[in-house]
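Single-structure report; data block below.
The chains referred to below are lettered A, B, ... by the order of the sequence lines, with proteins before strands, and numbering in each begins at 1. Values below: all heavy atoms of this structure, side chains included; hydrogens, waters and symmetry mates excluded.
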Amino acid sequence: MTTTLLRRTGLSVVTMLIALFAAYASTWWFAQGGAPAPPVSLDGIGTVETIQLPIGSRSREEINSFLVKLDMVDDFARVFINNYLVLTTAENDIIFGRENLQKQISDLRVRRRNPSQVETDIRRFLRPGKNFLVAELENSILGGCEMQVGLTVNGKIIKSFPQWIPRNFALDISAVNSDLAHRFRHHAEPNNNDFPELKISDTGDALCSRRVFEFILQE
Amino acid sequence: MGLSRLHLCAAARSIVVLVLLAAFSLPVCAQSGAEAVSHDAREAFSATIFGVSPQQLWTFARGLLTPALGFMFLFLYGLPLKEIPFIKDITDYKPSEKILPIFALATLFALSLVVGTAIFLETRTEEIDTGLFQNRFHVTRKLDLTGATPTAIDLRLNQYDRYSNFRIFINGYRLFGSESNCALAYQCQDSLNPSRVAEKTSSIAELDRLTDSEMHEHKRLGFGSIHYIREQYPLPRADRINHYLVQGANFIDIHSENAGTGACELDLSLELHDLPQVGNTFTVRIDPNGGPQQASDAALGQHEVFYSGGTTSTPQLPDIIAPYETYRTFHLQRVCSRIRISFILSESQVNRLNVDPYVSDPNAAFQRWAFIRVMTAQCALLFFGRFPYCQEIGEHFVNEVAK
């Protein structure tokens with residue numbers, strides 16, 4: 001009786017193990033849209049992370065709209081998808097703040113026909129397989145350095161978006177040489193009280209942040 | 001003892017019923033899942049296998065749990081299966097002894113498969129392919145400065161087409177860029193057009209006529225510009241990059257892309273001064289045409305040309321341009337070239353570069369350079385280049401450092 005029970009228990013355990021292995025293998029090969037992995041910092045390049053597309057938007061044919069939106073940009077922002085520039089703050093026509101001189105100076109602007117809108121649909125640049133969306137922000141040397149990036153696919157806002165870039169208004173150290181950034185930071189004090197705007201800053205005219213968002217589209 | 005025909009029929013019917021139940025339960029789950037999509041962001045973004053989400057699998061597993069437990073209980077304890085649900089109406093039917101192990105192990109297998117798949121889907125994370133990204137992002141050129149003793153390193157911009165976008169970063173800090181430095185018609189040209197200069201002068205003259213109080217009002221209200229509109233930047237022009245460099249790894253990034261006008265052309269030189277050996281200038285050219293394909297990672301040559309139009313090594317021009325994988329047929333706004341020149345400097349090399357005629361301490365020299373850099377930029381952007389005012393600030397700081 002005991003032997004039979006053990007034999008049957010063993011058979012059950014083997015059946016369970018085979019089923020679990022089959023589950024693991026099928027998930028490995030056929031699953032789509034896993035959770036985002038922790039971001040990876042590439043020194044001197046930026047931060048790379050994956051984004052999770054919503055169910056029903058994981059192949060090129062299923063995507064009816066893939067909107068990228070920039071908001072509150074300070075100062076120079078660019079968004080690339082698969083090495084195409086799709087959004088930029090260049091040529092936004094606010095080249096000088098004083099109204100009576102704004103038009104006069106803007107008329108002298110070189111018209112490069114950059115994609116200078118605040119929102120765009122990037123569907124036509126998507127491809128099957130791995131896609132890379134790069135959002136980078138550069139400071140002018142004046143003031144802070146921040147922007148908001150929004151991603152919306154088929155009307156659904158991607159998880160964790162919109163995001164403020166860089167985080168906590170601080171320089172994304174992975175986008176620059178950290179030794180040079182620390183050197184700037186080390187010399188940030190003493191502050192010059194007579195001319196506070198002349199403070200040395202590690203954000204200065206730095207590439208404040210470069211965030212890379214990777215996602216996979218099925219054929 | 002073989003299975004009789006009646007037993008086989010009963011078993012088949014039971015399996016069919018089970019399959020039908022499963023098939024019925026899935027659409028129900030799918031429907032409830034679809035309804036949940038609008039309310040439950042977690043489900044909307046979960047991993048799926050053949051379109052089935054973990055939540056649907058959990059629902060299916062709950063349906064399988066009771067029969068699996070029942071069959072397993074009977075199977076493990078060797079108890080007989082007296083009747084099969086759903087087919088009680090067949091008279092004189094008695095389930096075979098061999099049916100129970102099949103049912104028990106099959107339902108156990110199905111339950112384990114479903115639960116396992118749900119768990120693996122819930123815990124699955126997408127891997128980040130940093131290698132592929134870096135290969136597509138830029139090409140790298142390594143510069144070996146071992147044993148070299150440069151006292152100054154300049155980056156010279158020789159030529160620029162004026163209509164493409166470009167940026168030059170030293171260790172992540174902008175040295176020069178089309179948007180910040182070459183936004184206006186009178187900037188970044190080989191030879192200055194007299195009429196453009198006249199236009200520029202008349203515009204900027206307005207700024208120079210501002211009173212001090214107006215100027216402060218402008219600054220306070222952010223009426224300056226983030227563009228260096230006062231400068232003309234005639235080409236070629238050189239910038240010294242000594243103080244941007246640190247001990248250890250350094251990099252110079254040259255990024256260029258087509259704007260909406262469809263071509264890009266850039267010519268730069270990296271000049272190392274006071275080197276004993278001949279050949280201290282390295283030129284980098286981004287060419288709008290097609291040409292031989294460059295290696296993605298190699299030593300920096302004396303004269304490097306990066307053909308943004310793709311490779312011409314094959315008679316039939318491929319449509320995909322390596323390494324960026326952009327399309328030749330769609331050239332607007334595509335990346336032309338991203339080049340990273342990387343090199344390593346020793347402490348003695350950095351100290352040799354980090355000199356200042358006014359201060360001997362390398363740290364003070366760096367601080368002075370950093371301050372003058374900020375001051376120069378702020379004077380140009382906010383104070384409209386009022387030299388006496390800016391000079392006053394500069395002198396103030398120089399005196400502070402001297403103390």
Margin query: Side chains of B:Arg124 and A:Thr27: any donor to acceptor distance under 3.5 Å?
Written below: no
Item checked: Partners meeting ring pair (Phe, Tyr, Trp, His ring centres under 6.0 Å) with A:Phe125 (sequence neighbours left out) -> A:Tyr84, B:Phe330
Margin query: Any salt bridge linking B:Glu179 with A:Arg109? Criterion: basic side-chain nitrogen under 4.0 Å from a carboxylate oxygen.
Written below: yes
Check: Can you say whether A:Val212 sits under 4.5 Å from chain B via the side chain, the backbone, both, or neither, judging by heavy atoms?
Finding: side chain
Check: Measuring heavy-atom distances to chain B, does A:Glu136 have an atom under 4.5 Å in its side chain, in its backbone, in both, or in neither?
Finding: side chain
Note to self: Counting only non-hydrogen atoms closer than 4.5 Å, does B:Glu127 touch chain A with its backbone (N, CA, C, O), its side chain (CB onward), both, or neither?
What the structure shows: both
Checklist line | Part of B:Ala110 within contact of chain A (heavy atom distance under 4.5 Å) | finding: neither
Checklist line | Proximity breakdown for B:Glu257 and chain A, heavy-atom pairs closer than 4.5 Å | finding: side chain
Next item on the list: Count the heavy-atom pairs under 4.5 Å between each of B:Tyr244, B:Phe137, B:Tyr173, B:Tyr324 and chain A, then report the option with the highest count.
Entry: B:Tyr173
Check: Quick one: what part of A:Ile216 sits under 4.5 Å from any heavy atom of chain B, side chain, backbone, both or neither?
Finding: side chain
Note to self: Please identify, among B:Tyr163, B:Phe133, B:Tyr228, B:Phe50, the residue contributing the most non-hydrogen atom pairs under 4.5 Å to chain A.
What the structure shows: B:Phe133
Check: Given that the side chain runs from C-beta out, which part of A:Pro36 has a heavy atom under 4.5 Å from chain B: side chain, backbone, both or neither?
Finding: backbone
Check: Do A:Ser174 and A:Thr47 have side-chain atoms, one donor and one acceptor, less than 3.5 Å apart?
Finding: yes
Check: Is the distance between the ring centroids of A:Phe184 and B:His243 less than 6.0 Å?
Finding: no
Margin query: Which atoms of B:Phe169 are under 4.5 Å from chain A, going by heavy atoms: the side chain, the backbone, both sets, or neither?
Written below: side chain
Notebook entry, point to check: Given that the side chain runs from C-beta out, which part of A:Ile157 has a heavy atom under 4.5 Å from chain B: side chain, backbone, both or neither?
Noted result: backbone
Margin query: Can you tell me which of B:Ala104, B:Ala118, B:Ser342, B:Ser164 forms the most heavy-atom pairs within a distance under 4.5 Å of chain A?
Written below: B:Ser164
Checklist line | Modelled atom types, side-chain donor and acceptor of A:Asn154 and A:Ser57, under 3.5 Å | finding: yes
Check: Of the listed residues (B:Ile119, B:Leu111, B:Asn171, B:Thr125), which shares the most heavy-atom pairs with chain A below a 4.5 Å separation?
Finding: B:Asn171
Check: What orientation do A:Tyr24 and A:Trp28 show, parallel under 30°, tilted 30 to 60°, or perpendicular over 60°?
Finding: parallel
Note to self: Using a 4.5 angstrom heavy-atom cutoff, name the option from B:Thr261, B:Leu245, B:Leu332 with the most pairs to chain A.
What the structure shows: B:Thr261
Margin query: Can you tell me which portion of A:Arg7 sits under 4.5 Å from chain B's heavy atoms? Options are side chain, backbone, both or neither.
Written below: neither
Next item on the list: Not counting sequence neighbours, which residues clear ring pair (Phe, Tyr, Trp, His ring centres under 6.0 Å) with B:Phe75? List them please.
Entry: none
Checklist line | B:Tyr160/B:Phe166 aromatic ring centres below 6.0 Å | finding: yes
